[in-house]
Every structure is written in C-alpha cells, then in structure tokens.
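Below you'll find the structure, written out as structure tokens, and then a few comments.
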Protein chains: 2
Amino acid sequence: MSQQRHGSTPGNAGAVPAFPDLPEATIARLPEYLRALHHLAETGADTISSEGLAAAAGVNSAKLRKDLSHLGSYGTRGVGYDVALLVDQIEYILGLDQRRAVCLVGVGNLGHALAGYAGFASRGFRIVALFDADPARVGEQINGLTVRHFDELPRVAAAEALAIGVIATPANAAQAVADGLVAAGVTSILNFAPCVLSVPPGVDVRKVDLAIELQILSFHEHRKASLTALPGGRENAGGQEAVGS
Amino acid sequence: MSQQRHGSTPGNAGAVPAFPDLPEATIARLPEYLRALHHLAETGADTISSEGLAAAAGVNSAKLRKDLSHLGSYGTRGVGYDVALLVDQIEYILGLDQRRAVCLVGVGNLGHALAGYAGFASRGFRIVALFDADPARVGEQINGLTVRHFDELPRVAAAEALAIGVIATPANAAQAVADGLVAAGVTSILNFAPCVLSVPPGVDVRKVDLAIELQILSFHEHRKASLTALPGGRENAGGQEAVGS
DNA sequence: GTTTGTGAACACCTTCACAGCA
DNA sequence: TGCTGTGAAGGTGTTCACAAAC
C-alpha cells in the first residue's frame, strides 16, 4: 500500500552526493533483511548465502541479490555475505546509527499501545515526547514519559532534534497535528489516523491503516469464495498468496 | 509495504467467474476511495468528478479513472460518478456486505488497543473472539468480549464463520498462531508481529510493522540530510514526498 | 463545454539465466 | 564447484493525452 512520492531533487545534476539512490521497493525490504540478519547473528552465523537470507526474509534470492547489489554490496562469490558487515551497511544506509528522536501525538487507545511498544528502542529510535490535546490526559505518565500538551511541541522540537512524528489521533485532528509537526520542523510522519494528509514538499508521510488492511483481505476472501463457488468443480486455488501492499 | 502473492488459479481456463480480477494496486486503493465517498455522501454530494474524488483520496485523477474503469465503472461523461452507486459497487467488490467475522489473537499492549478499535464495526467487520495463550489473561473482559484461551479457537471457528485472524502476539509465538488459524480454516491473516510467516497456498497474509515503517522514514531522513549537507548549496528538495510502501 | 474511459508511452520492479569470480 | 552480481526479458503499475459520450 500505499503512499506517494512526487518530487525528485530537480536541479543538482552532476555532483551527486555519495548516497546511493535505492529503488523504493528495495528500501522497504531492507528492514526485513536487517531483522533476519540480526537473528542470524544471534545464532552465531558469520556468513549467509543469498538463498539463506532470502528464505529468512521471505523473498526470492534473485531479488535479494539485486537489492544488496544496489548498496555496493559486500558479498563474496562462492561464499555468501558477511553477516556483521551487512548489518553495518544496512544500518548505515537506513540511518539507524543516529538514534532518531520520535514523538507520538495522541495518547488514546492506540497511542498508549504505541508508547509502550518496546520495538522503538531496540531498532534505533528514542521516543522523546508524548503529546495530546486533551488537558485531562496531560500529565499522565506512560512508560516513564509524561504526556504534554500539544502546544508544547515547538519547545520540545527545539530542544530535541525531532526527526519523526507519529500521529495516533482521531482522523479529524490529524491534519492539524500534521501541520503542527511540519511547522515544528518535523520532516517525516507516520500516520495511523484514517485520513489523507497533505504536507508540503520535502516532508515524507507513511500511513498505516488497520481498516484498509482488513478491507483488502476481505476482497481476497470474496474473490476466493467466488472462485470456489462457481466454476468447474474442484480446485479452488493453486498458489500461496500474501497480498501486496 | 510489502507482501507477496504467488499462485494464480492455474487450471480454470475458459469459464471465468463473474469476478473482475483487479490489479493488486487498484485493490489497495479502493478502501481509500470508499472512505472519501462516505465523506462526500455525508456532505450531501450526489455526484463527484474523478478530479474531486482523486483529490479527496490523495491520488491523481487518471489513476482513479483507470482504477474505477476496472470495476466496469458507472461514471457519466460530462458529469462524474454517482456517489451512492459507487459506494455500493466498491463495497460489493470488497465483500464488505458480508460483515466478516474477525478474531484477534494476543491481548497484550497492542492487542488491547486493537480490540478497542471502533473502526472494525464501522467498516463491515465483527470482532467475534479474543484469544490469548496466557491463562492469566483468559477471562478478562475487553469491550464486551471475554478473552478465551487459544485452544478454544477450533470450537469458535466452527461456530462462527471466522474469515480473518489478526495476530498481535510477540514474534516468537506468531508462526504457531498462524498455523493454528490455518488449521481452523482461517484463510486471511493480518500480522502485527515482527516476523515472516509461512502459510500454505490459498492463505493470504498482510503484515503491518511499526518498526519497518520507522526505518523507512529514517532512510529518507538520512537521504534528505545527506542532500542538504553536501551538494551545491541551496535547494534541498523540489517535490512533495510520501514514501511508497 | 465538461468529464469519462482508454490506448499508447513510459517508468518501475521482478525474474531469469548466466558470466565472472572466489 | 558454488555463489554473487548483473544484463536482458517480462510484468505490473502510472501517466499522458485524446476520442467518445453526455
């Protein structure tokens, strides 16, 4: 699913900085490779073949090799990839060595759960602030952090170098929150609210929407049902599936 | 982000059932169109142009028209689309008229939040059961439902026609849960656990992973920083962005 | 005149298959 | 011999631009 990306660094011909411009599809898979590599490292593996890593990450090996080749890749023919080296490479590319500061806006049902999510820290992010617009919620302690009023965002953004804002508010508040984040200098937003955000050029938005995921699955249920119900007789499907976001 | 889909209904040439086989990318956008249409319907609009609907859904109008044309579309040239008709069409295609039964496995931090998510019911789904493997959690009441032990899944699956299973367990339990769901006849899975699931042919899996989303945003932060830091001088970007899952 | 529906061009991504290197 | 890196082929998805329909 399911985000856009217009705009492309128009001028700037010639002097390209030393930053590989990876295909978007590749970028989206790097975190999965990284996870698989961390597992492998824990099990003591020093090297891993493209076949093995691909299996662990749930992709096919040709795709994996092409993805890694884009980062200038450090594989050895006849052997495979050096696990530790590849971890470093991918973490560098993803910018995970920076421990970016994340703030979370909206401490309702979902926001609470996100604030308590352990995966943040373990993956190179620090939650530095929780915000809500509801005065009744301000002051509450969650996971060692105090909920502040959304008005304090600019102050916090100035103090910490806020990199990413996570929106977990109701849909009708989300655009205003996004505007506030952008005004405070945040240039990456992860939006859990079920609505389309509009943001200025240079700001990246990704969206996660439970209802949309369920509806996509519902479509496939519907499709599968209509295939088994009507046609020929036997066989209802032939291949494994797992739908493409 | 980012799922696969192999397998394709191999035999079955000829007698194709009356079910349009939409591009996966189109399917992923239909729920967004639907949401926009519901908003429009509330504001009293009877018809909407492709331009207007596209803006509301955050896509460009050519894409929207092509998407809708795949469903045999009911637009009128010079006028636009009939809002109510289009809502019905899309809800039919997505199979939302069936109010599919959903179960949720794993009632921890995230599971609690998902169980309380109001969007379920409002989008044509019924949560019919909550499961957990921890006896300490069994019996707890959440949002009017009682948490049951995961062992009871087969019984519940038999009683209700379970269509979709949502996995909100830790990663190390997720594969076992998926196996259990599949064994109980569930053919669609929404996985919030940070791991790759393997499932037999005919089962659809979609994955939602907070850490991956953050890492993708981190990459773009890194990229943006390396563009403003090094090259020429001025201009850091030119276009709006919003990254592609 | 307005707006849809769509062929054709283009861009992106995946997969194959093998040359090249350890 | 084994496995990576990659050109080339094939698919899928997007965008353009315009003819057809209202």
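Here is how names work: the chains are called A, B, and so on, in the same order as the sequence lines, proteins then strands, and each is numbered from 1.
- At least one side-chain nitrogen or oxygen of B:Tyr81 sits closer than 4.0 Å to the OP1 or OP2 atom of C:dG5.
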Name the atoms and distances for all side-chain donor-acceptor pairs under 3.5 Å in residues 81-88 of chain A, with sequence neighbours left out.
| from | atom 1 | to | atom 2 | distance (Å) |
| --- | --- | --- | --- | --- |
| A:Asp82 | OD1 | A:Ala84 | N | 3.1 |
| A:Asp82 | OD1 | A:Leu85 | N | 2.9 |

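- Atom CG of A:Asp97 has more than 12 heavy atoms from other residues, nucleotides or ligands within 6.0 Å.
- Considering only heavy atoms from C-beta on, A:Arg35 comes within 4.5 Å of B:Asp209 through its side chain.
- Going from atom CD of A:Glu51 over to atom P of C:dC16 covers 12 Å, rounded to whole Å.
- Checking the phosphate oxygens (OP1, OP2) of C:dT4, a side-chain nitrogen or oxygen of B:Ser50 falls inside 4.0 Å.
- The side-chain heavy atoms of B:Val59 and B:Arg29, taken from C-beta on, include a pair separated by under 4.5 Å.
- When the P atom of D:dG5 is taken as reference, atom CG of A:Leu53 falls 12 Å away, rounded to whole Å.
- In this structure, the NE2 atom of A:His70 is 11 Å from the C1' atom of D:dG5, given to the nearest Å.
- C:dT3 atom P lies 16 Å from atom CG of B:Asp46, rounded to whole Å.
- Residue A:His70 places its NE2 atom among more than 12 non-hydrogen atoms of other residues, nucleotides or ligands, all under 6.0 Å distant.
- Residue side chain B:Arg77 does not reach the base of C:dT3 through any donor-acceptor N/O pair under 3.5 Å, judged by distance alone.
- Across the protein-nucleic acid pair, B:Ile27 atom CD1 and D:dT14 atom P stand 12 Å apart, rounded to whole Å.
- Considering only residues two or more places apart in sequence or on other chains, A:Tyr117 meets the side-chain hydrogen bond (donor to acceptor under 3.5 Å, both in side chains) condition with none of them.
- Ring orientation note: the planes of B:Tyr92 and A:His222 are nearly perpendicular, at an angle over 60° on the 30°/60° scale.
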Atom pairs under 3.5 Å, N or O on each side, protein against nucleotides 12-14 of chain C: can you list them with distances?
| from | atom 1 | to | atom 2 | distance (Å) |
| --- | --- | --- | --- | --- |
| C:dT14 | OP1 | A:Arg29 | NH1 | 2.9 |
| C:dT14 | OP2 | A:Arg29 | NH1 | 3.2 |
| C:dT14 | OP2 | A:Arg29 | NH2 | 2.8 |

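- In terms of position along DNA chain C, the nucleotide closest to B:Val79 lies nearer the 5' end than the nucleotide closest to the other residue of the pair A:Arg65 and B:Val79.
- At whole-Å resolution of the value, OH in B:Tyr74 and P in D:dC22 are 14 Å apart.
- The nucleotide whose nearest atom lies closest to any side-chain atom of B:Thr76 is, among D:dC22, C:dT3, C:dG5, D:dC22.
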